[in-house]
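Input: a single structure, listed below in structure tokens.
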Amino acid sequence: MITNPTPQRSLRGHRPQRISQRDATISGYIARLATRLTERDRWLARMLYEHRVLTTHQIAEMAWPSVRAANMRLLRLYQWRVIDRFQPFLTYGTAPMHYVLDLAGAALLAREEGLDLRDLDYRHDRATGIAYSLHLAHTVGTNGFFSALTARSRRPDAAGHLTAWWSETRCAKHFGDIVRPDAYGLWHEHTPARTAFEWFLEFDFGTERPDRVGGKLAGYAKLATTTGITTPILFWVPTARREARVRRALSAALTSLDDPSLVPVATSSADFLDDQHNDPTAARWQPLNARQPAPQRLRLAELGSAWPHLPPLAASSTDPTQAGNADPAGALLPPAPLPPDPSDRRPPR
């Protein structure tokens, strides 16, 4: 028996007021909005344009001191239509809020680049459509890997920092005719030697047969032959059992290549936990050598030493499409993985 029903007004009170989609792209509104946004807000808009979707926890660990502080600002950006959001249904528990770029945010990015919104290759229905995509979990998982690297870079005791992070879409524009990695990353270590390490990421959810995973190495060998650049490939798998099966398939694929040295491979598992279990830079990566026993687990920055034939990356190596260089594959350059420092100036509401 219901003795204290919920008032009708309470069923509607949780939805924040937002401007209409039509008003969100008007020039006057975009001009006023530009005065309200901080550099961190603009960075977030570029990150969502590049990587499509980020969860509350990923955004908070990358750029805000706490989840509460992030939620307060994300709500404001949602009301202004800089970002949009959705919450996937879970059979058990509650999913975090997922954020995508909204119309006003895309319009603002286009104005900053001197482009029209249609030149940005952005559509709101396509941005929010990822909520129904069969690849949503894979995209969120891949972004979670790099958001953890970004969070690690911001720690006072960080041994290095993430310099570049390309999305699957950007990788496909550059290399898609040969291979389609899930992401590209570049890490700089704060050691006296100031080493750098770059890699392609294959984020595995265990949905493909191991032999099909191993079959990807032929494409990476072709890419290395075509470009003359040998880039390691890191395979992230969900369980240690899955890692063992994938390693056997990768080992068989390596032996079938004409030159296995063109495809340096290392694997790691989400089951391989240590004191820093959420730290992808920890000693959890196991290089693969088809002719030698498996070596010990290495840190991310130490993986370069596992393949002595690789030329060392200079400490000054940066993202090849940083500001000042034209990006032939897209209108916007990839944003810096690390957010700008918080502004001392509080923007007007």
>> Please tell me whether Leu117 and Leu115 are part of a single hydrophobic cluster in this structure, the criterion being side-chain heavy atoms less than 4.5 Å apart.
In response: yes

> Would Glu208 and Arg242 pass as an ion pair if we require N to O under 4.0 Å?
Replying inline: no

> Which pair of heavy atoms, one from Arg52 and one from Arg126, lies closest together, and at what distance?
Replying inline: NH2-O, 4.2 Å

> Are any side-chain N or O atoms of Thr56 and backbone N or O atoms of Pro96, one a donor and one an acceptor, separated by less than 3.5 Å?
Replying inline: no

> So which pairs with a foot in residues 301-312 pass side chain to side chain donor-acceptor pair (under 3.5 Å), sequence neighbours left out?
Replying inline: none

> Asp116: what forms a side chain to side chain donor-acceptor pair (under 3.5 Å) with it, not counting sequence neighbours?
Replying inline: Arg118

>> Under the criterion side-chain contact (heavy atoms from CB on, under 4.5 Å), I'd like the reasoning laid out for Val82 against Leu103: C-alpha separation, chi angles, the key distance, then a yes or no.
In response: CA-CA 7 Å; Val82 176; Leu103 281 167; over 6 Å; no

> Is the distance between the ring centroids of Tyr184 and Trp165 less than 6.0 Å?
Replying inline: no

> Side chain of Asp41, backbone of Thr38: donor and acceptor closer than 3.5 Å?
Replying inline: yes

>> Walk me through whether Thr163 and His188 qualify under side chain to side chain donor-acceptor pair (under 3.5 Å).
In response: CA-CA 7 Å; Thr163 305; His188 280 90; 2.5 Å; yes

> If you measure from the Lys or Arg side-chain nitrogens to the Asp or Glu carboxylate oxygens, is any gap between Glu112 and Arg42 under 4.0 Å?
Replying inline: yes

> To the nearest 0.5 Å, how far apart are CZ in Arg85 and CG in Leu77?
Replying inline: 11.0 Å

>> Can you tell whether the side chains of Asp23 and Arg18 come within less than 4.0 Å, N to carboxylate O?
In response: no

>> Which Ile, Leu, Val, Met, Phe, Trp or Tyr residues join Val100 in one cluster when any pair of side-chain heavy atoms under 4.5 Å counts as a link?
In response: Val53, Phe86, Ile130, Leu136, Val140

>> Taking Ile19 as the starting point, is it possible to reach Leu33 by hopping between hydrophobic residues whose side chains are less than 4.5 Å apart?
In response: yes

> Under a 4.5 Å side-chain heavy-atom rule over Ile, Leu, Val, Met, Phe, Trp and Tyr, are Trp64 and Met72 clustered together?
Replying inline: no

> Taking Tyr29 for the side chain and Trp80 for the main chain, is one N or O donor matched with an acceptor at less than 3.5 Å?
Replying inline: yes

> Side chain of Trp43, backbone of Ala336: donor and acceptor closer than 3.5 Å?
Replying inline: yes

> Does CG belonging to Leu90 count more than 12 external heavy atoms closer than 6.0 Å?
Replying inline: yes

> For the side-chain hydrogen bond (donor to acceptor under 3.5 Å, both in side chains) test, which of Glu243, Glu202, Gln286 pairs with Thr267?
Replying inline: Glu243

> Looking only at atom types and distance, does a side-chain atom of Arg297 sit under 3.5 Å from a main-chain N or O of Arg284, one as donor and one as acceptor?
Replying inline: yes

> Between Thr226 and Ile178, what is the shortest heavy-atom contact and its length?
Replying inline: OG1-CD1, 4.0 Å

> Quick one: CG on Leu288 to CD1 on Ile233, what's the gap to the nearest 0.5 Å?
Replying inline: 10.5 Å

> If you link I, L, V, M, F, W and Y whenever their side-chain heavy atoms are under 4.5 Å apart, who else ends up in the same group as Ile229?
Replying inline: none

> Does Arg154 pair with Glu61 as a salt bridge, N-O distance under 4.0 Å?
Replying inline: no

> What about Leu74 and Val67, same hydrophobic cluster or not, with Ile/Leu/Val/Met/Phe/Trp/Tyr joined at side-chain heavy-atom distances under 4.5 Å?
Replying inline: no

>> Using modelled atom types and a 3.5 Å cut-off, is there a donor and acceptor pairing between side-chain atoms of Trp285 and backbone atoms of Pro280?
In response: yes

>> Please determine whether ring-ring contact (aromatic ring centres under 6.0 Å, His included) holds for the pair Phe200 and Phe175, giving the CA-CA distance in whole Å, both sets of side-chain angles, and the decisive distance to 0.1 Å.
In response: CA-CA 11 Å; Phe200 290 122; Phe175 320 115; 5.4 Å; yes

> What pair of heavy atoms forms the shortest contact from Cys171 to Ala183, and how long is it?
Replying inline: SG-C, 3.9 Å

> Can a donor-acceptor pair be found between the side chains of Ser27 and Arg111 at a distance below 3.5 Å?
Replying inline: yes

>> Suppose we screen for side-chain contact (heavy atoms from CB on, under 4.5 Å). Which residues come up paired with Ser153, at least two apart in sequence or across chains?
In response: His161, Leu162, Trp187, Leu338

> Under 3.5 Å, is there a donor-acceptor pair between the side chain of Ser269 and the main chain of Thr239?
Replying inline: yes

>> Among residues at least two apart in sequence or on other chains, which ones pass side chain to side chain donor-acceptor pair (under 3.5 Å) with Thr150?
In response: none

> Do you know the tightest heavy-atom contact between Ala127 and Leu101?
Replying inline: CB-O, 3.8 Å

> Minimum heavy-atom separation for Ala106 to Leu120, with atom names?
Replying inline: O-CD2, 3.3 Å

> If we ignore angles and hydrogens, is there a donor and acceptor under 3.5 Å between the side chains of Thr281 and Asp279?
Replying inline: yes

> Counting distance only, does the side-chain N/O of Gln87 pair as donor-acceptor with the main-chain N or O of His98 below 3.5 Å?
Replying inline: no

> Would the Tyr99 and Tyr78 ring centres measure less than 6.0 Å apart?
Replying inline: no

>> If you compare all heavy atoms of Leu300 against all heavy atoms of Phe197, which two are closest, and at what distance to 0.1 Å?
In response: O-CD2, 3.7 Å

>> Whether the side chain of Asn143 engages the backbone of His51 through a donor-acceptor N/O pair (distance < 3.5 Å, no angle test) should be reported.
In response: yes

> Do Leu332 and Arg46 come close enough that some side-chain heavy atom pair is under 4.5 Å?
Replying inline: yes

> Should we say atom CZ of Arg40 is surrounded by more than 12 heavy atoms from elsewhere, each under 6.0 Å from it?
Replying inline: yes

